[in-house]
Amino acid sequence: MNTVLIGCKAKNDFIENLSSVLESEGYFVEFVDNSDKLMTIVKNNARIASVLFEYDLFSCKLAKEIVDLNEYLPMFLLKTNDFNNEFDFSVVGDHAQFIDCSLYSEIEVVNKIGKAVNEYVDAIMPPLTKALFKYVEEDKYTFCTPGHMGGTAYQKSPVGSIFYDFYGENTMKSDISISVGELGSLLDHSGPHGEAEKYIAETFNADRSYIVTNGTSTANKIVGQFSVPAGCTALIDRNCHKSLTHLLMMSDIIPIYLKPTRNAYGILGGIPESEFTRASIEAKVKATQGAEWPVHAVITNSTYDGLLYNTNKIKDTLDVKSIHFDSAWVPYTNFSPIYDGKTGMGGKRVLNKVIYETQSTHKLLAAFSQASMIHVKGDINVETFSEAYMMHTSTSPHYGVVASTEMAAAMVRGNAGKRLIQDSIDRAIKFRKEIKQRSAACDSWYFNVWQPESVDTVECWELKKDAQWHGFKDIDAQHMYLDPIKVTLLTPGLNKNGQLEETGIPASLVSKFLDDRGVIVEKTGTYNILVLFSIGIDDTKAMSLIRGLNDFKEMYDNNAFVKEVLPSVYANDPSFYEGMRIQELAQGIHKLTCKHNLPELMFSAFEVLPTMVMKPSVAFQKELRGEIEDCYLEEMVGKINANMILPYPPGVPLVMPGEMITEESRPILDFLMMLCEIGAHYPGFETDIHGAYRQDDGRYKVKILKGSK
Ligand SMILES: *Cc1c(COP(=O)(O)O)cnc(C)c1O
């Protein structure tokens, strides 16, 4: 952060001298001669430490534009001649300093700049990171853990020194022990750590926030363990992340599931409004042994595919003491008005309810892996919550992860943060339009985007009842909205009525093709691919995705060999794929999909839930006692499952521990079998199924409870 940007029509003596003094003080100096260029640089160079410009040339409008971009950036308005333009200070507040060059020496001005730059850095740096950097700069010696001692240990070892050189000095020096008192403690929420959590709470509109260093997987367990005492009933989104299944296995909770829908494309829908009603919950309580009125609810918001709920309605109507929105995928919603009313922390407190929101900071903001946050709005017993928190937290948290969680908050604060989010929204919408245009201009097939007819309005698009595009039957009005930054691309093969077409291009071919070229997509469905426009995506990355899609189309249309199009698939079994062309492979998988009528199968697989024979926690205890045995997947009807079964995609549990697939819920098994069959036919296309273990003969086995046949 040491570049000074100077805007002037021509370099006069004063400016020349000023820049040489700046350079002698170690600053880089950049010149521009018009305000457009100046704005471009301020936008694109985050390292600009201050801006100086001739105010009579660049006007008040420019000052205002700079403030709108970054209200903290030091700005100096130079008055170099006796031009007596009136400057409206009310527009820029106290951010701009006015400098009459005839009254100050160059050195005095440089001192002013230096002071402003220090204040700027101080204003934008969050508390813990600030304290941590200061600690590292002071270069203190410690005689405590970690054993590498600021990296020294690595430098004594040949292989260790390679590791040291890769990660660098600061990574080592900032990896310090919790015994450094001046940094406070994450587990006690004290000192700079406590300040960091307050800073995060303020940033995310929460009453209180917690930094979690082991991902939202852990954040979810902390919230669940605190909120549901043993023996109590909780409402759980059946589209839940596996961490919630693990919560049900750890804690004695009676789950009642909120059942979501699937659309014609096999995309996870939300939970319909009817599932939240008193009548529906009452019926489930009655039908579930031992269940009482639920104390707590967990809802995935947004869904994996980017659908957000009207959370205001849910908060007001769902009659439970606490509601937990698992917002692992949307840590950015507090920073753009398009998400108002669709988030856990948005808006005011809700009378007599506690609202939680957990977010994987690392997923869509800039933070190290595992960085996560719990936000709370409402009254909780802080000491008890802290016990649940500590139960799941290492006593040696990694300070790099902690600081990066705080840093993510610092980055989204203020005008600079709003712009960061706005840019990714704009970029995503631009990409959506680009794909649509190409699709319209193409007379053969092209990729499509799952979105409303018009995406001209910058908003989360409502899934309207009478609209066709979304492919959901009977959607509730003002209930669900599509987040623009979650882009689902559709490949040919399945139309919006959920019917399979004559030919098709399974999405897995496209994502494997992109993968081979270094473009990794977030998720691959049968005929859809999910890409995320997080704040790290720039135009080059978006372009390389489009180029990848075009290249795929070209190779597909030319019917190239699998060996050329998908070298990594070919490598799985060269003799099988030798001589095979891409269209043959695509149609082969498409035919299998048609044979099993996959869309219908997928829909029914999620339509009838398996039967809960015992609580997940009871089933897991039996497993721990060894009361389990193996069973072939195809023979599991009528048996009680020990572990959750979760195919990826779609990435949500299909069968929970303690549940039994019955004749009624047999489509679940058919769906799993079909996933296995594709893998058995086409090497390299095996589905990853958590809880089902592939045998050497290609069949899958699952764990069932003994005596349950
Ligand atoms: C990824 C995810 C989690 C877990 O988050 P991690 O930070 O990876 O531990 C929890 N819930 C949902 C809905 C997720 O998608």
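Just follow the structure's listing: the first ligand is 1, and inside any ligand the first atom is 1.
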Taking a 3.5 Å cut-off between nitrogen or oxygen atoms, can you list every pair linking ligand 1 to the protein, with distances?
from: ligand 1; atom 1: 5 (O); to: Ser360; atom 2: OG; distance (Å): 3.1
from: ligand 1; atom 1: 7 (O); to: Thr216; atom 2: N; distance (Å): 2.9
from: ligand 1; atom 1: 7 (O); to: Ser360; atom 2: OG; distance (Å): 2.9
from: ligand 1; atom 1: 7 (O); to: His362; atom 2: NE2; distance (Å): 2.7
from: ligand 1; atom 1: 9 (O); to: Thr216; atom 2: N; distance (Å): 3.1
from: ligand 1; atom 1: 9 (O); to: Ser217; atom 2: N; distance (Å): 2.8
from: ligand 1; atom 1: 9 (O); to: Ser217; atom 2: OG; distance (Å): 2.6
from: ligand 1; atom 1: 11 (N); to: Asp326; atom 2: OD1; distance (Å): 3.2
from: ligand 1; atom 1: 11 (N); to: Asp326; atom 2: OD2; distance (Å): 2.7
from: ligand 1; atom 1: 15 (O); to: Trp329; atom 2: NE1; distance (Å): 2.6
from: ligand 1; atom 1: 15 (O); to: Lys363; atom 2: NZ; distance (Å): 2.9

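If you look at Tyr309 and Tyr481, their ring centroids are not closer than 6.0 Å. For an aromatic pair to be called close, the ring centres must be under 6.0 Å apart, and His375 with Tyr356 fails this. For an aromatic pair to be called close, the ring centres must be under 6.0 Å apart, and Tyr265 with Tyr527 fails this. Ring-centre distance between His193 and Tyr399: below the 6.0 Å cut-off.
With a 6.0 Å radius and a threshold of 12 heavy atoms from other residues, nucleotides or ligands, Asn381 has its CG atom above the threshold.
For the side-chain contact (heavy atoms from CB on, under 4.5 Å) criterion with Phe606, the lone passing option out of Val652, Ile668, Thr261, Leu601 is Val652.
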